[in-house]
2 protein chains.
Amino acid sequence: MTRDRLPRVRLRDVAERAGVSVTTVSFVLNERPGSGISVETRDRVLRVAREMGYRPNAAARSLRTQVTNTIGLISDQIVTDNYGGDLIRGALATALQHDHLLIVVESQDDPEVERHLVEDLLARQVDGIILATITSDRIQLPGIRHGRTVLLNCTSSHALPAILADELGGGREAANALLRAGHRHGIFLVGEVTDTLRPARERHRGVTAALGEAGAELEGMIGCRWWPESAYDAVSTQLSSREAPRALICLNDRVAFGAYQALADAGLRIPDDVSVVSFDDSELARWLRPQLTSVALPYFDMGRIAVESVLGLSQEWAHAPDQEHLVAMPVRERGSIAAPRSGAAPA
Amino acid sequence: MTRDRLPRVRLRDVAERAGVSVTTVSFVLNERPGSGISVETRDRVLRVAREMGYRPNAAARSLRTQVTNTIGLISDQIVTDNYGGDLIRGALATALQHDHLLIVVESQDDPEVERHLVEDLLARQVDGIILATITSDRIQLPGIRHGRTVLLNCTSSHALPAILADELGGGREAANALLRAGHRHGIFLVGEVTDTLRPARERHRGVTAALGEAGAELEGMIGCRWWPESAYDAVSTQLSSREAPRALICLNDRVAFGAYQALADAGLRIPDDVSVVSFDDSELARWLRPQLTSVALPYFDMGRIAVESVLGLSQEWAHAPDQEHLVAMPVRERGSIAAPRSGAAPA
DNA sequence: GTGAAAGCGCTAACAC
DNA sequence: GTGTTAGCGCTTTCAC
């Protein structure tokens, strides 16, 4: 509210006050190399510009240079999501480092809105577009035809670069953490594995692969939704009907949370009776008691890489455009894993 | 990566193809009232524009109109924060509704970065600036001199509009929830109250006020940091050394989480033995067992109001510029409050 | 070493 | 009803 925009100082104003032409001022301010401006003139222009509080008009400059130093980030609802923020933050920080600004928009998963947003972004001549989803995996692309577009945390049928978490590798990490502690038997996967949900599918595959290579295998699956409540119910049922598992691989921290509650209610101790490992490494992992060993989602890095790609300055990327770029998921070891209680004989 | 920007269709291209002047096209496309364009011409222009995929160049338009339809949102690290996302989301959604785009930047609390960002935003002629913090409260303002600036979740010494959560009212809500259930005695506040941290200070004041009006009072304070671990320790200590409290008012959900753990370890049941009420209404509140009654942080609304203010279209706001605008914190009743076990005699 | 001037794509006053 | 044209503030070629 209150007073409106202040009158802007133009290049011409600075030029007049400094007693030179706009060209000179432009050259000085843009530090144009080889434009032999005398040191005195240079200093004078600089001083006057500062005194007058000159600030270049980005619209005018963009109109002229065809460059906006702006990247558009369209997401379905990333900002909303708890973990998703890191995706944005990585992109934000990196864009800033490279002197770009990020325009963040959310489509709320509405294709119509999304189309409109793309239009708007294109009209603003953004230098690049990042298309992100929180759900990972997904296909429908709005009618984007912008030279520099990258997919963040999703894929499409179009030949576009995509930045994804290496969920398969993450699955291996989780299994290996258990294997390192000596676990071979009584390992259960807790969560919901479907073919359509990439993270779950890949994590599962990674787990089975790593376990298999060590001559071990999953004892079973405890199916539940991605929420604590559902996990609590499923794990409780499992505990009451069968022999207690020795280790739980939970498909995310919220599921692990539910499992913790169920384990506690059943009088089982973590990690003494049951080891638990999980995915996402959300804040929850540090809040649980004992703190939860979790395989981290590399969202910050993914955001960073997306911007680097869209800006065309990612080396690793340069020789493999139009491809999936997998970002490692490191395991964060905490206190929820211990050696199996009754020393299980290695298979 | 891959191919670069596509050649753009200009207004002139559309005009030529449609066999009219640019003025006509401009008038048609901008739906300028009272510019008697014949229906045939209008339709033809519209059709041609669509066929050619015309999209106005925002830079050129802004240069001409002095309006960018863009709002800059500078935060210290809101995007990062778990709850903070809603602040952005509210702003994002509202900006979109009013056909504006949001440029989100984070200063990471670095004043130097912040200054730079403000410069950049101003250079881009944003129509307004929203300055947000996640910590609430704070004073130092970068050298902003933009007509339309509002403070979101913070205040300053400058005479700028500020959108804040009504933490005092929220404190009353929390206390009232307990009072309604019949609690009068054995009520403890869990958390860290200091004069410098507005949310804690105001919540505390609200609690005491509401309690006082009902002839009750806080039995004591259980001091701890804002994290589960710290809360767990503090509450555990309290439980082992003194009579068990009948109700806990936790200064946020994370503290409540720690309290839940401590209560469980002490064999106390929620809400039968001890009632718990908290603040923030984060996802955690729904994950806890029993689900936690919590006073919600109205972040989405705050973001919305900030944009409406900066755009100058908030009625409630219009007649009270340069003032603090408090947004109500509604209590979300769940299962963590019950009548006190041993019927306490009303004071 | 410095300046004049063209032009980026658009809007809008003014002319016809 | 429709077209001509002047600029918005900047970069940059070319001339001096």
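Just so it is clear, the structure is predicted and the values come from calculations on it, not from any experiment. Residue numbers start from 1 in every chain, and the chains themselves are labelled A, B, ... in the order their sequence lines are given, proteins ahead of strands.
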Could you tell me how far apart [X] ([atom1]) and [N] ([atom2]) are, to the nearest whole angstrom?
| X | N | atom1 | atom2 | result |
| --- | --- | --- | --- | --- |
| Arg12(B) | dC8(C) | CZ | P | 7 Å |
| Arg124(B) | dG9(D) | CZ | C1' | 16 Å |
| Arg61(A) | dG9(C) | CZ | P | 18 Å |
| Asn57(A) | dG7(D) | CG | P | 18 Å |
| Arg42(B) | dT2(D) | CZ | C1' | 16 Å |
| Glu31(B) | dC10(C) | CD | P | 17 Å |
| Leu63(A) | dG9(C) | CG | C1' | 5 Å |
| Asp13(B) | dG9(C) | CG | C1' | 10 Å |

**Prompt:** Of all the nucleotides listed (dC8(D), dC10(D), dC10(C)), which has the minimum atom distance to the side chain of Tyr54(B)?
**Reply:**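 Looking only at heavy atoms from C-beta outward on Tyr54(B), the closest nucleotide is dC10(C).
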**Among dT2(D), dT11(C), dG1(C), the nucleotide that comes nearest once only the side chain of Ser38(A) is considered** =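 For the Ser38(A) side chain, the nearest candidate turns out to be dG1(C).
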**Item:** Short side-chain N/O contact from Thr24(B) to OP1 or OP2 of dG3(D), under 4.0 Å
**Value:** yes
**Prompt:** Is the shortest side-chain N/O distance from Ser21(A) to OP1 or OP2 of dA4(C) below 4.0 Å?
**Reply:**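 Looking at the OP1 and OP2 atoms of dA4(C), neither is under 4.0 Å from any side-chain N or O of Ser21(A).
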Salt bridge (Lys or Arg N to Asp or Glu O under 4.0 Å) partners for [X], two or more places apart:
| X | value |
| --- | --- |
| Asp120(B) | Arg124(B) |
| Arg47(A) | Glu51(A) |
| Arg42(A) | none |

**Request:** Assign Thr41(B) to base, sugar-phosphate, or nothing according to its heavy-atom contacts below 4.0 angstrom with the strands shown.
**Result:** sugar-phosphate
**Asked** Atom CG of Leu160(A) and atom OG of Ser309(A): how far apart are they, to the nearest 0.5 Å?
**Response**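 OG of Ser309(A) is found 12.0 Å from CG of Leu160(A).
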Residues that [X] engages under side-chain contact (heavy atoms from CB on, under 4.5 Å), provided they are two or more places apart:
| X | value |
| --- | --- |
| Arg12(A) | Arg10(A), Glu16(A), Val22(A) |
| Glu40(B) | Ser38(B) |
| Ala49(B) | Val14(B), Leu29(B), Tyr54(B) |
| Asn57(B) | Leu63(A), Gln125(A), Ala59(B), Ala60(B) |

**Prompt:** Using Watson-Crick and G-U wobble pairs with both distances under 3.5 Å, what is the 5'-to-3' dot-bracket string of DNA chain C, with [ ] for crossing pairs and | for pairs outside the strand?
**Reply:** ||||||||||||||||
**Message:** Looking at Arg44(A), I'd like to know if its CZ atom is crowded, meaning that more than 12 non-hydrogen atoms belonging to other residues, nucleotides or ligands lie closer than 6.0 Å.
**Reply:**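 Atom CZ in Arg44(A) is packed in, count exceeds 12.
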Show each protein N/O and nucleotides 12-16 of chain D N/O combination with a separation under 3.5 Å, one pair to a line.
unit_1	atom_1	unit_2	atom_2	d
dT12(D)	O4	Thr23(A)	OG1	3.4

